[in-house]
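Heads up, the thing below is written out as structure tokens.
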Amino acid sequence: MLNWMRWLPENVSTYGGEIDGIIALIYYVTLAWFFLTLGAFVLFLIFYRRRPGRRATYVQGDRLRELAWILVPVLIVLILDFWIDLRGAPVWAKVKGQMPPAELTIQVTAKQFNWEILYPGPDGKFGTEDDRQFDNELHVPVGKPVRLVLKSKDVIHSLFSPNLRLKQDMVPGRTIPAWFEATKPGKYELPCAELCGFGHSGMKAWLYVHSPEEYQKWVKEQWPTS
Amino acid sequence: MRESGAAVLDVHAHHAERGFWRTYVFSTDHKMIGKQYLSLGLFWAVVGGLLAHVMRWQLAWPETAVPGWGEVGPETYNVLVTMHGTIMVFFVAMPILLGAFGNFLIPLMIGARDMAFPRLNMLSVWVFALASLVLLVSFFIPGGAASAGWTGYPPLSAKAEYTGVNWGMDLWILAHALEFAAFLMGGVNYLTTAIALRVPGMTFFRLPLVIWQLLTATTLFLLSVGPLIAGAVMLLLDRIIGTHFYAAEGGGDPLLWQHLFWFFGHPEVYVILLPAVGLVLDVLPVFARKPIFGYRWIIYSTIAAGGLSFIVWAHHMFVSGMDPRLAMPFSITTILISVPFAFIMFAMIATLWKGSIRFDTPMLWALGFVAMFIVGGLTGIFNGSAPADIYISDTYFVVAHFHYTLFSSVVFGGFAGFYFWFPKMFGRLLSEPLGKIHFWLTLVFFNVTFFPLHNIGLAGMMRRIANPLEYEFLVPHQWINVVATVGGMLLLASQIPFVVNVVWSLLAGKTAPKNPWGANTLEWTAPSPPPHLNWGETLPVVYRGAYEYSSPEVAEDWLPQDRTLAARSR
């Protein structure tokens with residue numbers, strides 16, 4: 001129960017490890033504070049419990065010399081805060097900021113209560129005849145960056161892949177980009193993470209990460225003429 | 001500003017003839033209004049707790065009938081999720097922490113005979129009762145109560161076709177509007193009373209900290225609620241006359257609501273938290289027999305945290321689709337909030353250092369708050385870090401975090417205050433053994449219920465899903481849901497000693513003396529319970545701050561604010 005890092009599902013994306021790294025950093029920093037503050041708290045409760053004949057010491061804590069006892073820890077908190085954000089900023093930029101160039105772009109449109117997953121086909125362009133739509137199935141090759149174009153037809157949904165450490169809300173009227181690069185072939189769940197109506201529970205797609213050969217085979221099956 | 005003693009007593013004599021209705025129902029007495037807020041809040045706490053129980057049952061054993069309720073379908077589950085949140089935040093936390101304690105304590109602790117505007121105060125509680133009625137009715141109308149989450153994000157909340165709920169959603173908005181009106185009236189009263197009606201000698205820097213916290217909370221509410229009211233009007237217009245403020249197809253933007261909601265929403269959580277912190281700050285020194293550590297710095301920290309709470313709202317929106325360049329600035333402001341709160345928590349712990357600590361029931365609850373809030377504060381760092389939040393947001397980790405902060409505020413902070421001031425409120429003593437049993441059971445089962453939610457959240461379980469077994473990756477973790485649910489049931493059962501204690505005390509409890517805890521603040525100089533207008537002919541005069549415990553100037557280990565000392569006085 002206490003080693004929280006073991007509870008995260010297996011990471012299968014290139015940036016997932018860095019997100020886990022930030023979670024781990026915060027985990028160990030907060031765990032240390034937890035034991036320090038709660039330790040001091042419990043020790044004080046034991047040492048300074050009421051005993052006959054002993055009077056509490058009159059300390060107001062309004063002089064800097066007394067205040068230093070908590071101002072110094074507060075200063076350490078501040079430094080750790082900045083450290084966490086300093087380490088976090090590049091990770092955020094990598095996942096949500098400038099996205100790498102990708103050969104494959106897939107459009108995912110959410111609606112109550114399905115994911116419509118649209119491939120541009122061999123010509124690589126949306127809105128042409130070779131587009132193909134799959135409901136609730138996302139097929140990608142391993143080891144290749146994949147761009148997603150996220151849309152919604154009705155209410156707000158959120159595409160969540162626990163294994164990829166990817167989450168992005170999909171908002172009607174907006175076209176929101178996302179990306180990932182999977183590192184391990186397999187079949188992973190893609191639940192909706194934002195309350196979207198009575199069918200929210202159970203709204204999910206499957207992510208198929210294929211080896212390069214398998215992915216080519218899948219493409220050949222779906223677009224046999226090209 | 002201050003009435004003469006004789007004039008006041010005239011008023012007193014006049015009021016003494018009030019009948020049942022003017023005393024208990026349409027009362028302008030701040031103490032009765034506080035008790036009315038308390039009763040309404042406790043009623044809603046029972047409703048909200050039972051809704052939580054039905055939710056937890058469904059999560060542990062999906063698609064089995066809940067005893068006494070029946071099967072919970074996904075539509076009903078969404079209603080439960082929505083109404084549990086709405087009730088607990090707006091109809092339990094606010095009326096108890098702000099409404100009840102604010103009304104009861106502010107005049108008594110500053111030496112006022114009542115609020116500055118007693119009739120406005122009565123209107124406040126009755127508008128809140130009306131809000132309660134509207135919310136209650138919404139459960140029983142066709143289509144059922146609101147089901148778009150307590151945050152009510154449009155477009156889901158904006159059109160009946162998306163949820164199947166029509167009138168329920170309109171009543172939900174109406175209940176909020178009435179509730180906000182009630183707390184605006186209360187808030188104006190709190191600020192005016194505390195600024196204008198302080199007794200001679202009660203300077204701002206001699207005010208008890210709970211007053212500072214209540215005033216800061218009120219100010220935050222007054223400053224933040226406007227944008228939400230504007231947002232709610234737009235939502236109502238979208239629903240009723242078909243405007244497009246939040247509808248993308250008409251040029252609106254669903255994210256506008258989120259900005260307005262959270263601009264209010266983050267200060268709102270401090271509206272709940274700060275009064276609880278205040279209650280605890282006032283209980284700790286009494287039972288540690290020691291001045292609070294760093295009084296002025298706690299006030300500055302409180303104001304700093306309040307100010308910061310206005311520039312952090314987008315941390316609820318890291319993955320909402322807003323411009324990703326906004327995330328890091330909001331992440332920095334958010335994590336900075338840990339600085340003033342770290343100061344306050346450290347000051348609480350430092351107050352215990354070299355004290356002479358008595359473990360009476362109010363103290364146990366106050367200490368419980370400190371321990372639990374440390375957990376809730378620390379887990380906030382995970383949510384506040386934008387990259388970590390990509391994974392954490394909308395999972396049960398968030399649910400665990402805000403229950404460790406809000407539940408500990410309302411329950412641990414609230415009970416610290418309740419057990420501490422109960423003798424003053426009702427003139428009776430509570431049973432210490434029953435109070436202690438209540439505390440230990442609640443502490444244990446609170447942790448059994450909510451701690452495992454961190455774990456299942458890290459495993460990826462999403463909020464607001466009705467059936468975790470629909471997801472293969474969650475099936476192996478289902479035992480955690482069972483543990484949390486059993487813990488939740490026992491947590492509810494742990495409140496039985498509390499009910500027994502209160503009923504027994506009111507019927508047959510020992511009469512409370514004026515000052516049972518040996519506390520310094522002014523309310524303990526009035527009789528228990530204080531009569532209408534609180535003090536007899538003369539009001540107390542204040543000579544010093546509220547926390548002069550174990551002062552070297554006197555032999556006793558306490559020195560009330562109103563005691564004159566022959567020698568120099570601080």
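What you see is a predicted model, and the numbers here were worked out from it, not measured in a lab. Side chains included, hydrogens not; waters and symmetry mates left out as well; all remaining heavy atoms used. Per chain, numbering begins at 1; letters A, B, ... match sequence-line order.
Between chain B and the options A:Arg54, A:Arg51, A:Glu66, heavy-atom pairs under 4.5 Å are most frequent for A:Glu66. Put simply, of B:Pro74, B:Ala386, B:Ala342, B:Pro468, the one with the most heavy-atom pairs under 4.5 Å next to chain A is B:Ala386. The choice from B:Met348, B:Arg358, B:Arg296 that makes the most heavy-atom pairs within less than 4.5 Å of chain A is B:Arg358. The candidate with the highest count of non-hydrogen atom pairs below 4.5 Å against chain B, out of A:Ala40, A:Ser152, A:Cys196, is A:Cys196. The choice from B:Phe451, B:Phe318, B:Phe343 that makes the most heavy-atom pairs within less than 4.5 Å of chain A is B:Phe343. Looking only at heavy-atom pairs under 4.5 Å with chain B, the residue among A:Arg63, A:Arg50, A:Met170 that has the most is A:Arg50. When each of B:Tyr153, B:Tyr547, B:Tyr295 is checked for heavy-atom pairs under 4.5 Å with chain A, B:Tyr153 comes out on top. Note: B:Leu367 leads B:Leu367, B:Ile480, B:Asp557 in heavy-atom pairs under 4.5 Å with chain A. Interface remark: of the candidates A:Leu67, A:Val77, A:Leu78, A:Leu67 forms the most heavy-atom pairs closer than 4.5 Å to chain B. Of the residues considered (B:Ala248, B:Ser551, B:Gly73, B:Ala371), B:Ser551 shows the highest number of contacts with chain A, using heavy-atom pairs under 4.5 Å. For chain B, the option among A:Ile23, A:Leu80, A:Leu43, A:Leu38 with the highest count of heavy-atom pairs below 4.5 Å is A:Ile23.
Of the two parts of A:Trp4, the backbone and the side chain both hold a non-hydrogen atom closer than 4.5 Å to a non-hydrogen atom of chain B. Interface residue A:Val171: only side-chain heavy atoms are found under 4.5 Å from chain B. Using a 4.5 Å cut-off between heavy atoms, A:Ile22 contacts chain B through its side chain alone, with no backbone atom that close. Of the two parts of A:Phe47, neither the backbone nor the side chain holds a non-hydrogen atom closer than 4.5 Å to a non-hydrogen atom of chain B. If you measure heavy-atom distances from A:Phe160 to chain B, the contacts under 4.5 Å come from the side chain alone. Residue B:Met363: no heavy atom, backbone or side chain, is found under 4.5 Å from chain A. With a 4.5 Å cut-off on non-hydrogen atoms, A:Ile176 touches chain B through its side chain but not through its backbone. With a threshold of 4.5 angstrom between heavy atoms, A:Gln168 approaches chain B through its backbone and through its side chain. At a 4.5 Å heavy-atom cutoff, the contact between A:Val59 and chain B is made by backbone and side-chain atoms alike. Proximity to chain B is absent for every atom of A:Met5, based on heavy atoms less than 4.5 angstrom apart. Interface remark: A:Arg174 contributes side-chain atoms only to the contact with chain B (heavy atom separation under 4.5 Å). With a threshold of 4.5 angstrom between heavy atoms, A:Glu18 does not approach chain B through any atom at all. Residue contact with chain B, scored on non-hydrogen atoms closer than 4.5 Å, involves the backbone and the side chain of A:Lys96 alike. In this structure, the portion of A:Ile19 lying under 4.5 Å from any heavy atom of chain B is its side chain and not its backbone.
Nearest heavy-atom pair, A:Glu194 versus A:His157, reported as atom, atom and distance to 0.1 Å: CB-C, 3.9 Å. Minimum interatomic distance between A:Arg165 and A:Gly16 (heavy atoms only, all atoms of both residues): CG-CA, 3.6 Å.
More than 12 heavy atoms of other residues, nucleotides or ligands lie within 6.0 Å of CZ in A:Phe126, so this atom counts as buried by the packing criterion. Atom NZ of A:Lys204 is surrounded by more than 12 heavy atoms from other residues, nucleotides or ligands within 6.0 Å. In this structure, A:Tyr188 places its OH atom where more than 12 heavy-atom neighbours from other residues, nucleotides or ligands lie under 6.0 Å away.
A 4.5 Å side-chain heavy-atom check between B:Trp558 and B:Val286 finds every atom pair outside the cut-off.
In summary, the aromatic rings of B:Tyr404 and B:Phe373 are positioned with their centroids too far apart to meet the 6.0 Å limit. You'll find the ring centres of A:Phe198 and A:Phe113 inside the 6.0 Å limit.
In this structure a side-chain-to-backbone donor-acceptor pair under 3.5 Å is present from B:Gln58 to B:Ala466. Formation of a donor-acceptor pair under 3.5 Å by the A:Asn163 side chain with backbone atoms of A:Asn11 is not found in this model. Listed for the B:Lys290 side chain is no donor-acceptor partner under 3.5 Å among the backbone atoms of A:Gln60. Not one N or O on the side chain of A:Trp206 forms a donor-acceptor pair closer than 3.5 Å with the backbone of A:Leu138.
A perpendicular orientation is assigned to the rings of A:Trp179 and A:Tyr15, their planes being inclined by more than 60° (bins at 30° and 60°).
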side-chain contact (heavy atoms from CB on, under 4.5 Å) between A:Leu45 and B:Leu352, worked out: CA-CA 7 Å; A:Leu45 290 184; B:Leu352 303 172; 3.9 Å; yes

Chi angles and distances behind the side-chain hydrogen bond (donor to acceptor under 3.5 Å, both in side chains) call for A:Ser201, B:Glu470: CA-CA 8 Å; A:Ser201 191; B:Glu470 287 171 313; 2.9 Å; yes

